[in-house]
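In what follows, a structure is listed as structure tokens, so that the remarks can point back to it.
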Amino acid sequence: MLKYLAESLWYPGDLSLVRKVTSAVWEEISSIGSLYRGEVERDGWGSVEDRLISCWRKDLSRYKNPDEVVWGELNGLNPRVLRIVKGIFPSVSHYSKPSAAALRAEPPEPLPEFPSIPTPRKQRNYAAAAAAAAVLIIAVIFIALSQGLLAIPPQESVPDLAPPEILYTGPADGSKVMNPVKIAARYSDDRMVNISAIRLFVNGSEVVPTRVTPTEVEYSAVLPLGRCEVTLLLSDLSNNTALANWSFTVSSFLQIVGSTVLEEINLARAALGLPLVQPSLEYVAASYRAEDMLAGGYFNHYDLHGRLPNYHYTSLGGAYYVEENIGYVYFPPMGSDRAVVSSRELVRDMIYDDAASNWGHRDSLLDPTNNRAEVGVAWNGSRLFLVVHMVKEWVAWSSPPHVSGSSFSCSGSLTIERSTLKSVVIYHSDPSDHSEFSYDPSLRVLVGEKSYSLGSPIAGVAPPLVFYPGLQTIRPTAWSVSGQSFSVSFNASALRSIAGPGLYTVVFYASNTLGFQHPYDAGRYSSELPVLSYTILVS
């Protein structure tokens, strides 16, 4: 067609040109789709369309500026063809309107009747006659134009006053997402968006999009954690502009799982009228426990050395009372989205389908005396370990619990109104009793016991004249209890002589004046509740 235009008189008007180009584009994309299917699937039709638009505009510009073509009147086009033709001639505003010929109500010409058996007749050279007539008409038009006898009337251009419309922005405004992040927007214009004028800003800095088409823009990157603000500015070929601002939060995988788990727990607690739990102010041991199970290939409250979870909680700085809940999923392959969903499903199982664990998970997650939750997760694409530490954070420490030399000591104040320290009990656990594991071929991990405990109560700490029936009583080196305040210390070196080597967990109990009752176990911590578990390893 370009060769014809170069050798001929050109064309009688914009309408003819647009129609000729449309026909050529239609044939061109049909050939591309059949001859270069692999390349199209690799690059995408959007890229093919952009290149076709660019090449056509470049070639046509040798004869006429495509932006000055304003008359089109095309309808019923294939959407792909229409997008390309609009890109070639962005100033045409009549693509979807019917042509003048279509508006005329003219009776159709009757079809000629043919006999059932064709009659041979002498063939005439109609093609040669038509070509001769066309040459004569073109010559006449050319002479008329050159002599000023014929002029093409100017065609009025319809002004473009409508700005582009931004149809979609993502990630959704106010949402939480994980890295890597894909920022995307879709837009449209009644003529054409100026691709070269698209500007995208992330947190105030302009970025180069990773993909741009006449209808979409994308930018993929690993973004800093926290709030992310995006601004998109675009315009059409008439400089009508459109602006969009939106924001979202980039979170780590652990943060997404943590918020998902906490949301599920609080949904169940709210439905029962229980106080909601808040996330722990510091991540202490839940993540360590999850990572240790993933690295060791085991699933159990006791680690591979038989040590209970409270030992790790104390070793990593925990200073309250903690209850561990764990879950595991083996689901290869498991993407990050599936992992988040699996975490939510594990929590639902713990609350609503926990008979196999004697409802221990449910009773811990819904315990109204637990006011904090620490969530840990470890995931490698096929295995997911979830750890939820429910915490009773009811002490404001002036001197957190610690062992210095052979002396255990701490001091603080209970944050529960009218509560007071009631007792200090010491439990013993022998790691050798909990170090046996067996391999579960369906879960692909080592498994041990289905529950855990602090061990057996073996002693209590109390001032003179107070004894613990059936337990050995340890006299404190300091004991002061006044209302909600307390200060306690004792000699921890005596522990080994009581039960031998092992883990000794010191538990402080205070009076329960919270006024909440457990929905499934009315007697659970009804009079006293533990506010500290501090585990000491005695070798």
Side-chain angles (χ1 to χ4, degrees), residues 169-184 200-205 207 210 218-230 246-267 276-297 299 309 312-313 315-318 322 324-350 365 371-391 393:
T169 59
D173 190 41
S175 64
K176 294 182 179 180
V177 297
M178 291 180 288
N179 277 315
V181 179
K182 183 173 78 171
I183 297 173
L200 188 65
F201 298 84
V202 177
N203 290 329
S205 299
V207 298
T210 51
E218 291 181 1
Y219 173 70
S220 298
V222 175
L223 301 176
L225 299 182
R227 181 181 173 85
C228 180
E229 297 183 351
V230 182
W246 72 100
S247 64
F248 51 88
T249 301
V250 183
S251 302
S252 67
F253 177 70
L254 174 59
Q255 290 171 331
I256 292 289
V257 171
S259 61
T260 299
V261 167
L262 197 65
E263 177 186 26
E264 198 63 36
I265 294 173
N266 280 331
L267 283 173
L276 306 185
V277 293
Q278 301 298 320
S280 293
L281 298 178
E282 296 181 356
Y283 284 94
V284 181
S287 290
Y288 170 82
R289 289 281 297 125
E291 293 289 350
D292 190 58
M293 284 190 282
L294 176 62
F299 177 63
H312 299 290
Y313 178 73
S315 300
L316 295 171
V322 65
E324 182 175 88
N325 303 272
I326 59 176
Y328 169 71
V329 173
Y330 176 68
F331 189 91
M334 186 192 305
S336 58
D337 291 340
R338 176 68 245 183
V340 173
V341 172
S342 295
S343 299
R344 184 184 294 275
E345 292 173 346
L346 282 173
V347 176
R348 289 176 178 171
D349 288 344
M350 290 179 183
L365 298 179
N371 60 343
R372 296 280 185 183
E374 179 191 348
V375 179
V377 63
W379 158 70
N380 68 353
S382 60
R383 291 179 170 87
L384 181 139
F385 293 86
L386 178 69
V387 177
V388 183
H389 281 173
M390 299 300 290
V391 182
E393 188 179 308

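Computed from heavy atoms alone, side chains included, the values below leave out hydrogens, waters and symmetry copies. Position 1 is the first residue of the sequence, and the numbers go up from there. This structure is a prediction, so every number in the text was calculated from the model and none was measured.
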>> Go through it in stages, so that I can follow the logic: the residues are T260 and V341, the test is side-chain contact (heavy atoms from CB on, under 4.5 Å), and I'd like the CA-CA distance, side-chain angles, deciding distance and then a yes or no.
In response: CA-CA 9 Å; T260 299; V341 172; over 6 Å; no
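- Shown are S252, S343, S251; of these, the side-chain contact (heavy atoms from CB on, under 4.5 Å) with V257 is made only by S343.
- Within the model, atoms CG of N266 and CD of E264 stand 10.0 Å from one another, a figure rounded to the nearest 0.5 Å.
- For the side-chain hydrogen bond (donor to acceptor under 3.5 Å, both in side chains) with R289, the qualifying choice from E374, E324, H312 is E324, the only one to do so.
- Atom-to-atom distance recorded for L223:CG and K182:NZ is 14.0 Å, nearest 0.5 angstrom.
- Contact detail for V177 and P171: the closest heavy-atom pair is CG1-CB, 3.6 Å.
- Under the 4.5 Å side-chain criterion, counting only non-hydrogen atoms from C-beta, M178 is in contact with D337.
- Contact check for F248 versus V181: side-chain heavy atoms found under the 4.5 Å cut-off.
- With a 4.5 Å cut-off on side-chain heavy atoms, R372 and L281 count as touching.
- Here the CG atom belonging to L386 is positioned 12.0 Å from the CZ atom belonging to R344, to the nearest 0.5 angstrom.
- For the pair V375 and L254, the tightest heavy-atom approach, listed with the atom from each and the gap, is O-CD1, 3.6 Å.
- The distance from atom CG of L200 to atom CD1 of I183, rounded to the nearest 0.5 Å, is 6.0 Å.
- Between S382 and M334, the closest heavy-atom pair is O-CE, 3.5 Å.
- Without hydrogens or angle criteria, T210 side chain to E218 main chain gives a donor-acceptor distance under 3.5 Å.
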>> With side-chain contact (heavy atoms from CB on, under 4.5 Å) as the criterion, how do V329 and E345 come out once you've worked through the C-alpha distance, each side chain's angles and the decisive distance to 0.1 Å?
In response: CA-CA 10 Å; V329 173; E345 292 173 346; over 6 Å; no
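- You'll find the side chain of H389 stays beyond 4.5 Å of the side chain of S280, heavy atoms only.
- Proximity of F253 to V340: side-chain heavy atoms (C-beta onward) are separated by under 4.5 Å at one or more points.
- More than 12 heavy atoms of other residues, nucleotides or ligands shown are found within 6.0 angstrom of CZ on F201.
- Residues passing the ring-ring contact (aromatic ring centres under 6.0 Å, His included) test with Y328 are F299, F385, sequence neighbours excluded.
- Taking each heavy atom of V250 and C228 in turn, the nearest pair found is CG2-CB, 4.2 Å.
- Taking 4.5 Å as the limit, some side-chain heavy atom of D173 sits within range of a side-chain heavy atom of S247.
- Within the 4.5 Å cutoff, the side chain of V387 has no heavy atoms near those of the S287 side chain.
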> Hey, mind stepping through I265 and V388 against side-chain contact (heavy atoms from CB on, under 4.5 Å) and telling me if it holds?
Replying inline: CA-CA 10 Å; I265 294 173; V388 183; 4.1 Å; yes
>> Go through it in stages, so that I can follow the logic: the residues are W379 and L294, the test is side-chain contact (heavy atoms from CB on, under 4.5 Å), and I'd like the CA-CA distance, side-chain angles, deciding distance and then a yes or no.
In response: CA-CA 8 Å; W379 158 70; L294 176 62; over 6 Å; no
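- The closest side-chain heavy-atom distance from L276 to L262 is not below 4.5 Å.
- Across all their heavy atoms, E291 and V377 have their closest contact at OE2-O, 4.0 Å.
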